[in-house]
Amino acid sequence: MCGIFGCIINDGDVAPLIHAALKRLEYRGYDSVGEATINEAKVHVKKDSGKIDAVHAILNLDDLKGRVGIGHTRWATHGAPYRVNAHPHVDCKEEVAVVHNGIIENFAELKIELENLGHVFISKTDTEVIPHLIEEKIKQGLSLVEATHEAVNQLEGSYAIAVIYAKEPDKIVCARKESPLVVGVSENGVYCSSDIPAFLPLTNKAVMIENGELVVLSGKGYEIRRLADWNIVPREPETIDWSPEMAEKQGYPHFMLKEIYEQPLTLRNTLRLQDQYLELMTEFLDRAGEVFLVAAGTSYHACLAASYMFSKLSFLATHPIIASEFVEQHGRSVNIDSTILFVSQSGETADTLAALEHARLRAATILGLTNAVGSTLTRLARVYVCQQSGPEIGVAATKTFTSQLSVLAQLALRLAKKRGKVSHIEIESLEKKLQQIPDIAEEILKTHGDKMKQLAEKYYDRQFFFYLGRGISSATAFEGRLKLMEISYAPAIAYPAGESKHGPISLIEPGFPVVFICPKDETHKTIVSNIMEMKARGASIILIMEEGDEELKKLADDAIEIPKDIPEILSPILCVIPLQLFAYYMALKRGHDPDQPRNLAKCVTVK
Ligand code: F6R
C-alpha cells in the first residue's frame, strides 16, 4: 500500500506542496519517498529510500522548480527499499515519470517485450514497465493521454497511477483500477491522491474516481473518461467536512476499525503475490525433513491454523511453535535438515529474530512470511513472501492476520497440488473459493458491524470470557480471545473445545459467556456435545456458525452467522472478522482506546 500524489497549481512551485502531502500520506508506507516536477521542458526527480524527514534532510524535497509534479511514499512490494526502486520511475529518455500504487501482475511479460524493443530497466519494481510502455506508445505518435490509455489497457492487476511528460508540461494523467484515487479541486490548482487527507489543507472539494476511469488534470481543471468506451464521465466535486484527524483515518474513528474494514482489499492483494516466490517456498517445504512454523502473538495463531492446512491438504506435518519457546524446546535438535517458516507482520519481533538467529547458526533453512519488505526477516530468509497488507497502525493485528492466513492457505494448496495427495476437483474448488473470500469478507463486514456492536452492548460488563473451537477453529478461538483481551482488557481464556472438560469447565456458572467457533466442518458433531456441556451449566452461548445451521442455532443465546459452504481450511479467515469487531466494540464500551492499548507496542523489539 503506497501513497501517490500529483498537483498542478496556477502560481509558484509545487514541490513544497507535494512534500507536505506525502507527509500526510506517510501512514500508507514509509520506506522510500520521491517526487518529480516538470520545469523548462524537463522532468526533474528527487527520490531515495528512508523516511520522508530523513530523505528531506539530505535531498531537500522543497526546492524542485515547476508548477506541475507528482510524488510517492512507498511500502515496498516488488523490489527492496533501495533508491533505485523508489518512485517516480522514468522511461529511457527520462521524459515520462510515473508514480504507482498497486501491483502489476503481468509486469514480467511486459518487461521482456519492452526489453526486446530496446528498453533498459534499472529497478526491480513492477511499476517501471509503465513509463516504458507509455514511452513506446508515444514513439508511435500518440499523445500522453492516448499513450496512457493504451498502456493501462495492457496492465493486469491493480493500479492508481499519476503520469507526467516533459513534452506536455501542463498535464497529469491518472488512472485507477482497484487502488484508490481521488481528485481535489481548488481555485489555485488541481490535485490527485490516494486519499483525501493528502490535499485536505488545500481544498475540501473532492471528486472520487471509480474503477476503470482515467482522469486528465490540467490548468483548466479535470476531465474523467471511462477506459472501456472512452466516454466522458460528468462528476461534480463533493464537499468534505472531515477534521484532519478523521481524514487520516478515512472517516473511521479508529485505525483498528479502518483496518478491519480494509480486509476485502488486503485479502485481494494476497491473491496477486508473485508466483515465483510462492512456488520456491512450496519447493522448500516439499523437500523439508521437518518443518517448524515459528511466530509470536497473532502471527503464531496464523501458524497454528496453517499447521491444520498443511496437514489436511498437503499431508505435511508441521510444528507450530511460539517464538520465545523455540530455542528452549527445539534449540538442540534443529539442524541442517530443519526448515523453518518464520511468520512476522513486522519482520522485526525480537523473540522471532532470536529464534531465527539460533536456527540460522545451526544451518537450518530459513523461510519468511512478512508484511515488511526490507525488514530483518526479509534480509535473513532464504526465500520470503510479502503479504502486502500495507502498514497496520492499530496495535492489534487484524488485516495482517487474515492476509497471513490467505498466503498460508495458498502455500498449502500449492503443496497439495505438487504432492498429488488431494483430488484435482477438490483443489479446483478450494482455489475458486479462495478467490471468493475477499467478496465474502466484504459481505460479512457489511452485515455484522451493528450486530457485533449490539453484542458488545449486551456483554460489555461481564467479568470473564471463554473462547472455544475444535480443529482449525481452535486457532480462531485463540485469536478471538487475544483480540478481546488486549484491547478491551476483559480477561478471557481460549482452549480447543475438547480440552475444556479437562479443567476449565469448573469456571462455568450461570451467565458465563462462552464463544464457540463452530463452522460446519468435520468437528461439527463433536462440538455440539461441548456446547451442550456448557449450556447444561448455565453458560451464555455465543456461536460463530454457518447460516442455515438451524439445529445449532437452537442452542445459542446469540448466533453470529457467516455464509455457508466455506471450506474448513479457509474458515478462520472469515470467522475471525466478527470476533475482531466484537473486541473493537467491547473496548469502546469499556472506555478504552482500541488503537493504543496500555503496555503494548506495535512491534515488540525486546525479548
Ligand atoms: C496482537 C499482536 C501481537 C503480534 C506479535 C507478533 O494483536 O499484534 O500479538 O502479533 O507481537 O508481531 P509480528 O507479527 O510483527 O512478529
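In listed order, ligands and their atoms are each counted from 1. Any value given below was found using the heavy atoms of this structure, including those in side chains, with hydrogens, waters and symmetry copies removed.
Using bins of under 30°, 30° to 60° and over 60° for the plane-to-plane angle, the ring pair H319/F292 lands in the tilted bin.
Around OH of Y277, the count of heavy atoms belonging to other residues, nucleotides or ligands within 6.0 Å does not exceed 12. In this structure, K453 places its NZ atom where only 12 or fewer heavy-atom neighbours from other residues, nucleotides or ligands lie under 6.0 Å away. In this structure, R590 places its CZ atom where more than 12 heavy-atom neighbours from other residues, nucleotides or ligands lie under 6.0 Å away.
At least one N or O atom of S344 sits closer than 3.5 Å to an N or O atom of ligand 1. Residue-to-ligand polar distances keep A396 apart from ligand 1: every N/O pair is separated by 3.5 Å or more. No N or O atom of T352 sits closer than 3.5 Å to an N or O atom of ligand 1.
By the criterion of a heavy-atom distance under 4.0 Å, neither the backbone nor the side chain of E348 is placed next to ligand 1.
Residues T398 and Q580 bring no donor and acceptor atom of their side chains to less than 3.5 Å of each other.
Under the side chain to side chain donor-acceptor pair (under 3.5 Å) criterion, T370 pairs with no residue, sequence neighbours left out.
The side chain to side chain donor-acceptor pair (under 3.5 Å) pairs that include a residue from residues 482-499 are T298-K483, E479-K483, K483-E486, where partners are two or more places apart or lie in different chains.
With ligand atoms numbered from 1 in the order given, ligand 1 contributes 10 (O), 13 (P), 14 (O) to contacts under 4.0 Å with heavy atoms of S299. Listed by number with element, the atoms of ligand 1 under 4.0 angstrom from any heavy atom of E486 are 1 (C), 7 (O). Numbered from 1 in the order shown, with element, the atoms of ligand 1 that lie under 4.0 Å from a heavy atom of K483 read 1 (C), 7 (O). The distance from ligand 1 to the heavy atoms of S346 drops below 4.0 Å at these ligand atoms: 13 (P), 15 (O), 16 (O).
Heavy-atom separations between V395 and ligand 1 include at least one value shorter than 4.0 Å.
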